[in-house]
Amino acid sequence: MVSLGIFSLISTLFLVLAVPTTAASSKLSADYYDQVCPKALPAIKRAVEAAVSKERRMGASLLRLHFHDCFVNGCDASILLDSTSAFDSEKEAGPNNNSARGFEVIDRIKLEVDKVCGRPVVSCADILAVAARDSVVVLGGPTWAVQLGRRDSTTASKTTANKDIPKPFMNISDLIKNFKKHGLDERDLVALSGGHTIGRDVINIPKARDTP
Ligand code: HEM
Ligand SMILES: *[C@@H]1O[C@H](CO)[C@@H](O)[C@H](O)[C@H]1NC(C)=O
Ligand SMILES: *[C@@H]1O[C@H](CO)[C@@H](O)[C@H](O)[C@H]1NC(C)=O
């Protein structure tokens, strides 16, 4: 990780996107699971460390999974849902199909966390958020406190995923618009683009349309 500081904003940024406003929603807090299951966060960390030591790229993939979850109706784990008769999975949306990965790692973490907690108290949305942070840390980036207490969605939207996840051929004004729509400004766009200092070399991006 070369450019440091780049990740230091991720915590607050994803917090902006974190809570879909529902009647049931209450404030997020970093100590949300401290009473109900103090073993939860250490279990997530162990599982992320194991996954990343098996395959280093997985840390990047888990960070991207959180981003692609958050940009579609908030950080609500909707990206994890498979298609049903009621909706098409976000996994099949263009920006995810054949490039979003790490689902089996998240599944394993959820099983493990439910086991150490003795019951399913930790949301998948929080697992995605914590796994993203732990991934950045294990790859040598800075740490941050993850605000917790997200609720999981029971629905997903492939259409919204196609519409709201930024595309690699977007120009700067469209990228700024896209981030604004998610409550993020230009500074956030630049800082979060630093997420690309980790992960697979991007070999599939169409040439930027900045040629005459
Ligand atoms: C600004 C708009 C963005 C665009 C257009 C974009 C686009 C892309 C594309 C096309 C890839 C390659 C996917 C593949 O073929 O494997 C990629 C990878 C990646 N993106 Fe982004 N991205 C954006 C923002 C972000 C943000 C905000 C984050 C997180 C902070 C992020 C994290 C990553 C990571 C970690 C990878 C590597 C994933 C892996 O190796 O599995 N990206 N991005
Ligand atoms: C997703 O990728 C698979 C495998 O390449 C392909 O068969 C399928 O048509 C793609 N789905 C969509 C919705 O693009
Ligand atoms: C960016 O792309 C959009 C189309 O997606 C176009 O309408 C707009 O004029 C472009 N802006 C610049 C500054 O190139």
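In each ligand, atom 1 is the first atom listed, and ligand 1 is the first ligand listed. No hydrogens, no waters, no symmetry mates; every other heavy atom, side chains included, goes into these values.
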Just by modelled atom types, is the Ala60 backbone N or O under 3.5 Å from a matching donor or acceptor in the Ser135 side chain? no
Met170, portion touching ligand 1 at heavy-atom distance under 4.0 Å: neither
Would you say Asp152's side chain and Ala77's backbone share a donor-acceptor pair under 3.5 angstrom? no
Sorted by chain and number, sequence neighbours left out, side chain to side chain donor-acceptor pair (under 3.5 Å) with Asn178 holds for none
How about Glu104: does its CD atom have over 12 heavy atoms from other parts shown lying under 6.0 Å from it? yes
Interatomic spacing from CG in Leu192 to CG in Leu184 - rounded to 0.5 Å: 6.5 Å
Which of the ligand 1 atoms, numbered from 1, are nearer than 4.0 Å to a heavy atom of Pro168: 5 (C), 10 (C)
Ligand 1 to Ser99, heavy atom cutoff 4.0 Å, flagged ligand atoms 14 (C), 15 (O), 16 (O)
Find all atoms of ligand 3 within a distance of less than 4.0 Å from any non-hydrogen atom belonging to Ser173, and give their numbers and elements. 1 (C), 11 (N), 12 (C), 13 (C)
Output for pair (Ile79 CD1, Asn73 CG), nearest 0.5 Å, gives 12.5 Å
Check ligand 1 against Ser61 and write out every atom of the ligand that is under 4.0 Å from a heavy-atom position of the residue. 39 (C), 41 (O)
Which residue is it: Asp126, Asp34, Ile127? I am looking for the one with a side chain to side chain contact (heavy atoms under 4.5 Å, CB included) to Leu148. Asp126
Lys/Arg-Asp/Glu bridge criterion (N-O < 4.0 Å) met for Lys110, Asp107: no
With Lys167, which residues qualify under side chain to side chain donor-acceptor pair (under 3.5 Å), at least two apart? none
Taking 4.0 angstrom as the limit and counting only heavy atoms of Leu189, give me the atoms of ligand 1 inside it, by number and element. 1 (C)
Under 3.5 Å, side chain of Glu90 to main-chain N/O of Lys158, donor-acceptor pair present? no
Could you tell me which atoms of ligand 1, counted from 1 in the order shown, lie closer than 4.0 angstrom to a heavy atom of Phe179? 1 (C)
Could you tell me whether some N/O pair between Arg57 and ligand 1 is separated by less than 3.5 angstrom? yes
For ligand 2, would you mind listing the residues that have at least one heavy atom less than 4.0 Å away, ordered by chain and number? Glu92, Asn97, Asn98, Lys158
Using a 4.0 Å heavy-atom threshold (strictly under), name the region of Leu175 that reaches ligand 1: side chain, backbone, both or neither. side chain
Atoms of ligand 1 less than 4.0 Å from Gly195 heavy atoms? 35 (C)
Option of least heavy-atom distance to atom 16 (O) of ligand 1 (set: Arg64, Met58, Arg200): Arg200
Are any of the N or O atoms of Arg101 closer than 3.5 Å to those of ligand 1? no
So, does Ser61 use its side chain to make a donor-acceptor pair with the main chain of Arg101 at under 3.5 Å? no
At a non-hydrogen distance cut-off of under 4.0 Å, which region of Lys167 contacts ligand 1 (side chain, backbone, both, or neither)? backbone
Side chain to side chain donor-acceptor pair (under 3.5 Å) with Ser53: which residues, sequence neighbours excluded? none
